[in-house]
Amino acid sequence: YQRRVHGDWDKCTPNSVFIYVDYRLPATIASLLGVATVQLMPIQLHGAFLGAFASLVAPFGGFFASAIKRAYRVKDFDNLIPGHGGVMDRMDCQFLMCLCTAVHYRTFIQVAAITVPVIIKYIERLSRPEQEEVLNYLQKVLASNP
């Protein structure tokens, strides 16, 4: 992907989850399919995981909502849509999926931006002896790389 910016060409590098990778299949699956490797983007595997989670685990959000209703002796959450269980009954799985998707994204996909201000912020949180240790290490590194 390229776009023109003030007369210069600027290249956009895609995140690594959008670049094809060769994956070796287990021997039993490879013998059944007749293919030893498949080429996939990691985002496809992330999507398959989230799809499996949505179909297998997310319905338990409904059970959780039912438990809340039983605990408070409420027949259903039907204030907005009478007779249809209400918005909460329609969205309980969505809340669980939103949480799973957010945790999955932050854990496996999001690229951490490590910048000088971030590093300085972490160094400031260290104790004085630890800060001196970092300083000594950096001085050695800088002295050995003129």
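It should be emphasised that the depicted structure is a prediction, and the values quoted were computed from it without experimental measurement. FYI, side chains are in, hydrogens and waters are out, and symmetry mates aren't considered; it's all heavy atoms of this structure.
Side-chain contact between Ile109 and Ile43: present, with at least one pair of heavy atoms (C-beta onward) separated by less than 4.5 Å. Under the 4.5 Å side-chain criterion, counting only non-hydrogen atoms from C-beta, Tyr137 is not in contact with Lys140. Within the 4.5 Å cutoff, no side-chain heavy atoms of Tyr105 are placed close to those of His46. Between Glu124 and Ile120 the shortest side-chain heavy-atom distance falls below 4.5 Å.
No continuous path of ILVMFWY side-chain contacts below 4.5 Å connects Leu99 to Met97, so the two sit in separate hydrophobic clusters. Under the 4.5 Å side-chain heavy-atom criterion for grouping Ile, Leu, Val, Met, Phe, Trp and Tyr, Val38 is connected to Val21 within one hydrophobic cluster. Under the 4.5 Å side-chain heavy-atom criterion for grouping Ile, Leu, Val, Met, Phe, Trp and Tyr, Phe18 is not connected to Leu45 through any hydrophobic cluster. Val17 and Tyr20 fall within a single hydrophobic cluster, where Ile, Leu, Val, Met, Phe, Trp and Tyr side chains are chained together by heavy-atom contacts under 4.5 Å. Val116 and Val134 are not part of a single hydrophobic cluster, where members link through side-chain heavy atoms under 4.5 Å apart.
Within a 6.0 Å sphere centred on CD1 of Ile114, heavy atoms belonging to other residues, nucleotides or ligands number 12 at most. The neighbour count for Glu133 CD, taken as heavy atoms of other residues, nucleotides or ligands under 6.0 Å away, does not exceed 12. For OH of Tyr23, the number of neighbouring non-hydrogen atoms (other residues, nucleotides, ligands) closer than 6.0 Å is greater than 12.
Minimum heavy-atom separation, Ile123 to Gln131: O-NE2, 2.9 Å. Heavy-atom minimum distance, Ala36 versus Ala30: CA-CB, 4.0 Å. Of all the heavy atoms in Pro42 and Ile19, the pair that sits closest is CD-O, 3.2 Å. Scanning all heavy atoms of the two residues, the minimum distance from Val35 to Leu25 falls at O-CD1, 3.4 Å.
A distance of 11.5 Å separates CD of Glu132 from CG of Leu126, quoted to the nearest 0.5 Å.
Side chain of Ser31 to main chain of Thr28: a donor-acceptor pair is present (N/O by atom type, distance under 3.5 Å, no hydrogens or angles). Under the 3.5 Å distance criterion, the side-chain polar atoms of Thr107 are left unmatched by any main-chain donor or acceptor of His104.
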